[in-house]
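Order of appearance sets the numbers: ligands from 1, and atoms from 1 within every ligand.
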Amino acid sequence: MSSTRSHKLVLFFAISCLLLHEICTDASVCKESERKALLEFKHSLQATVFSGNDALFWISEECCLWRGVYCNSFTGYVEMLDFSYQPLVVAGTISPSLLKLHHLTSLNFSSNDFNGSLIPEFFGSLKKLKLLDLSNANFRGPIPSLLGNLSMLETLRLGGNGRVFNVGKLEWLSHLSRLKEVDLSFTNLSNANDWSQVISHLPLLQKLSLRHCDLPSISSSSLSIANSSTSLTYLDLSDNNLPSSAIYPWLFNVSSNLVSLNLSSNRLKGPIPEAFGNMMAIQELYLSDNLLILAENQVRGDSVLNEIEKLPDFMVLDLGYNLLNGSISKSIGQLSNLQVLRFAGNSFDGDVISEAHFSNFTYLQKLDLSYTSLTLKLNSRWTPPFQLTQIMLCSCKLGPHFPDWIRTQMGILTPDHYISYVEYLDISASGISDSLPYWFWGSFHGLKYINMSFNQISGTFPNNSIHISHLDPSSNNFSGPLTRFSLDYNMGTINLSKNKFTGSVSPICNFTGAVFLTLFDLSNNLFSGVVPDCFGSFPFLTALNLGDNSFSGSLPSSLRSLISLEMLSLRGNKFSGVLPSSLQNCAKLKFLALSDNELSGEIPMWIVQKLSSLVFLSLQGNQFRGRIPHQLCGLKYLQILDLSVNKISGTIPPCLNNFTSMAKKVSLDRRIEHHILDTGPRFLSPEGVRYIDEALLTWKGTKQSYPELGLLLAIDLSCNKLTGEIPEELSSLQELVVLNLSRNHFNGKILQKIGHIRQLEVLDLSRNKFSGNIPTSLSELTFLSNLNLSYNDLSGKIPASTQLQSFAPSSFSHNRGLCGPPISPNCSMVEPPPGKAAVGSEEDCDEFMKWFYTGMGLGFAVGFWGFCSVVFSKRSWRHSYYRYMDNAKDWVYVTFVLLKARLVRRIKGLSTR
Ligand SMILES: *[C@@H]1O[C@H](CO)[C@@H](O)[C@H](O)[C@H]1NC(C)=O
Ligand SMILES: *[C@@H]1O[C@H](CO)[C@@H](O)[C@H](O)[C@H]1NC(C)=O
Ligand SMILES: *[C@@H]1O[C@H](CO)[C@@H](O)[C@H](O)[C@H]1NC(C)=O
Ligand SMILES: *[C@@H]1O[C@H](CO)[C@@H](O)[C@H](O)[C@H]1NC(C)=O
Ligand SMILES: *[C@@H]1O[C@H](CO)[C@@H](O)[C@H](O)[C@H]1NC(C)=O
Ligand SMILES: *[C@@H]1O[C@H](CO)[C@@H](O)[C@H](O)[C@H]1NC(C)=O
Ligand SMILES: *[C@@H]1O[C@H](CO)[C@@H](O)[C@H](O)[C@H]1NC(C)=O
């Protein structure tokens, strides 16, 4: 019995040994003291991973076989701890028992989750360490300068923690003279004004990442650059906002062996220095998102490129998002080893790219010419010499015909595998006005990402399922039924909005990999029928937009499963019935648009109790009745409340002044932002994406979207059956911009203190029974641009102010007895009493919709990737983006944020499930 057990045990060890250690020797015998120290360490972490299956590996006697523990095969001492193999979620603090591992040379905690704990000071006493990797591990707080005692250290990675900072100077680093690799990216080094001094004197340093470190911008020309080390081969200083003067002087002294240089997202200004051409080893040059130009003698790009052309191994040229103009020289074609070419976001206005430019690019893999206004004149029978993996041509001129050469990039099928294929295709906003070629759906094999939005492409989707992670054919002329989608391991987004798709959406029940879908937008199509009750399989869905279709029936109860949902728009359909209580489960909702449907019943209390994060709530244009529940006042983040065009009765709850965001000048997010998990292919870096809601606002009969939601604080209760007076408390909503109470049965006087609502731009109190005088404080509202007090029982003199007198007489008409400008020259001429009183009947409300200012037909409009899915950074991105949008007269918002850590963790979490 016991012999079988020990047999099994041996077998088990042998197997774990095989699985876990590349080399497994019998010599490793765990030291008892080290075993104890490790157990103490394990205990201190209270890490969730140890309570799972992996506990198995930490219970045997032989600690050298424990997972993540590596001993010297002869001495048996623990030399290496590596927990990077899977996410460890740590609740405790790391025990100094590790100090008892006297032979520890390598510690790798990368990509675990230490839940914001501090980097332990005692790490500085692990004297033998050669490798310390704490990157992407959710540490926080100061870098212990005691790390400067680790004199054997060769590799130090603290990057990607976001909330780690360095106190004072980087002097401590200068003691680590054996360092070969340092990664401090995303740590705050804003006080380290000795950084360039320190790093240029680390004699063996080869690899340095200081991306996004808030590096201080001191002029480095004053620094001693004598004896600078020239060992650096890899240097990343991107995203530090540094001016040329803080980089160039020392850079060109340490750069002679550089192979890869990243200076993107700084403030490099002026002509591209020819000195880049002297970096004889350089293969990768990233200079995007700066303010670089081509000098006079570089107008054709020749001068810089001439230098670079002499560098035979040049592989990456990224000059995206600078101020380059003119035309792209054909001599670029001499870079025959080029793999990545990026000119995006420069204005080569009217320049034409032809086949000749590309003729030598046999190895090109990634091409980004987005936002260049370049015209690509390529013969439809052209066979490019390259096989691209990423094609980014958004807003280039490709049309009107669909670019046929793309077919050659779709992948080559060999008997056993696909050789190479495009994974990422962005041809959005490129002037294509054509039908989708017959070969399209049939030819792609590995395409993960397609953005062809904002064209006029017609066609239907295939009957069989489409395997993809990101698909954005929005704003085109696609038609036909919805197809089945199959999503893979990557988090995915599907945006079919603004097309002419028809029929039922029941294929959503047959999506495979629905668990990976984070955004699903079907808005503005011709879909109809009942929405199937199939949302049970979309746990990560963050935004769901079914707006502006012809869906009917009641809301599916499986909406309860959408626990990640932050945005839900069902506006502009024919949904009926009461609000299902299942919506309560969507506790993360910030944006809820149910307007223009046939929903009925009372406004449920749980909206307030369960959906407490709501920023935007629109129930406009339904059949809701009953009173406004006073609990609604508890929605403390609410910025827009639209209950207009319903059958709501009773009075306004005075507690509305509880809407803190409306009452106080708080710094609001100007937009409602949703963090959409996304692991789509990226051009240069794996960054996440934000999806930003926008409100649609009806203005003079046309719907315009209003992206800066946070600037529009609004209450619209118009067209209901509300009674009573306006509660005094409303006047404390100082930040309110729009107040529409028209077409109700309100009476009494207009708030005397209405002038306290300083930001008010739109005030509509028309078609009620307000009486008495117009309060003089109204004339204090300097921003007021729309005013309607007509159809009430108001009387007396209209208060004098340039503001009020500038409104049309119709703003005051049909009252009992208003007088003075603008309706009459003076008060001796009193307006005749109106013939018939106005009430908020339904017909009125229809008419009301056509009226001058119709309040807020708030809803949701598309806007995930919009067009151009490129990852490019803030500054120049915005410039180009807005430039385009000005022309498009439409707003779509996309921003990119760094979500890497969270992303990696969640994906890993998924994959281990
Ligand atoms: C730490 O582990 C991760 C994941 O295995 C690996 O990518 C990384 O290179 C390791 N760190 C070092 C410095 O070797
Ligand atoms: C992470 O830290 C927060 C507070 O800082 C705590 O509330 C939370 O429970 C911790 N998470 C884990 C998994 O220990
Ligand atoms: C760090 O080194 C200094 C001298 O180099 C020494 O005085 C100090 O005690 C060391 N600190 C630790 C924690 O080992
Ligand atoms: C970096 O740290 C400094 C002070 O150490 C602080 O003033 C600054 O706001 C921090 N920067 C960021 C981006 O957090
Ligand atoms: C392609 O390379 C050859 C040989 O290096 C060169 O002669 C030719 O000019 C290049 N073509 C272009 C378009 O640059
Ligand atoms: C789609 O799903 C429905 C119900 O889940 C099932 O009856 C139907 O057979 C499925 N269709 C396909 C093509 O898989
Ligand atoms: C108003 O806000 C206060 C404090 O935030 C809260 O205690 C109170 O319950 C709110 N009133 C209503 C009616 O929600």
Side-chain angles (χ1 to χ4, degrees), residues 19-22 49 54 67-70 79-88 90 104-114 116 118-119 123 126 128-145 147 150 152-172 176 178-195 204-218 233-234 236-242 265-266 667 685-686 873-875 897-898 900-901 903-905 907-908 911-912:
L19 285 176
L20 300 170
H21 293 171
E22 278 174 26
V49 73
D54 289 292
R67 199 158 179 182
V69 179
Y70 299 81
E79 289 191 332
M80 177 163 142
L81 292 179
D82 183 349
F83 299 102
S84 61
Y85 54 86
Q86 66 170 347
L88 194 74
V90 172
L104 197 63
T105 56
S106 172
L107 189 57
N108 192 343
F109 283 144
S110 168
S111 304
N112 290 293
D113 185 351
F114 282 86
L118 302 176
I119 299 176
F123 280 3
L126 294 166
K128 293 235 167 85
L129 276 192
K130 290 185 182 165
L131 183 154
L132 178 61
D133 189 346
L134 308 178
S135 59
N136 299 308
N138 197 8
F139 280 105
R140 174 182 66 82
I143 302 176
S145 57
L147 294 188
L150 298 175
M152 308 295 277
L153 210 58
E154 293 172 8
T155 301
L156 174 63
R157 292 194 196 166
L158 304 177
N161 283 298
R163 292 181 293 164
V164 165
F165 57 90
N166 188 63
V167 185
K169 299 194 175 202
L170 264 189
E171 197 264 346
W172 60 271
L176 307 180
R178 295 188 186 210
L179 277 176
K180 290 184 183 148
E181 182 189 337
V182 173
D183 174 8
L184 297 177
S185 49
F186 297 93
T187 58
N188 184 344
L189 304 182
S190 61
N191 291 325
N193 55 17
D194 56 344
W195 65 271
L204 304 175
L205 192 65
Q206 291 172 9
K207 237 182 135 185
L208 175 67
S209 304
L210 297 178
R211 178 175 184 194
H212 195 100
C213 287
D214 218 353
L215 290 174
S217 146
I218 45 138
T233 57
Y234 174 100
D236 183 353
L237 294 177
S238 61
D239 205 5
N240 280 298
N241 238 349
L242 290 171
S265 298
N266 281 291
S667 102
S685 57
S873 41
K874 318 139 295 187
R875 196 172 53 216
V897 283
L898 283 152
K900 210 169 116 198
L903 205 71
V904 167
R905 243 172 286 132
I907 301 300
K908 280 192 172 175
S911 65
T912 49

Go through the steps for N166 and W172 under the test side chain to side chain contact (heavy atoms under 4.5 Å, CB included), then give the verdict.
CA-CA 10 Å; N166 188 63; W172 60 271; 2.9 Å; yes

For this session: With side chain to side chain contact (heavy atoms under 4.5 Å, CB included) as the test, would you mind laying out the steps for K169 and N193 before giving the verdict?
Result: CA-CA 6 Å; K169 299 194 175 202; N193 55 17; 3.5 Å; yes

Determine, stepwise, if the pair D133 / R157 fulfils salt bridge (charged side-chain N to carboxylate O under 4.0 Å, His left out). CA-CA 5 Å; D133 189 346; R157 292 194 196 166; 3.4 Å; yes

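By the 3.5 Å distance cut-off applied to N or O atoms, T155 is not counted among the residues near ligand 1. Note: an N/O pair closer than 3.5 Å links D133 and ligand 1 by distance alone.
In this structure, N240 contributes its side chain and D214 its backbone to a donor-acceptor pair below 3.5 Å.
Using a 3.5 Å distance cut-off with no hydrogens or angles, the side chains of S238 and S265 do not pair a donor with an acceptor. In summary, the side chains of R163 and N188 do not present any donor paired with an acceptor at a separation below 3.5 Å, with no hydrogens or angles considered.
Looking at E181 against ligand 1, nothing comes within 4.0 Å, counting heavy atoms.
Numbered from 1 in the order shown, with element, the atoms of ligand 1 that lie under 4.0 Å from a heavy atom of L131 read 12 (C), 13 (C), 14 (O). Close approach of ligand 4 to S190 is summarised as follows: ligand atoms under 4.0 Å from at least one heavy atom of the residue are 1 (C), 2 (O), 3 (C).
Distance check for atom 2 (O) of ligand 4: a protein heavy atom is found below 4.0 Å. Per-atom contact check: atom 11 (N) of ligand 4 touches the protein, criterion being a heavy-atom distance below 4.0 Å.
In terms of protein heavy-atom proximity, atom 6 (C) of ligand 4 is nearest to N188 ND2, 4.1 Å. Nearest protein heavy-atom contact of atom 5 (O) of ligand 4 is N191 ND2, 3.4 Å. Here the protein heavy atom with the shortest distance to atom 13 (C) of ligand 4 is D214 OD2, 3.4 Å.
Considering all non-hydrogen atoms of both residues, W195 and P216 come closest at NE1-O, 3.4 Å.
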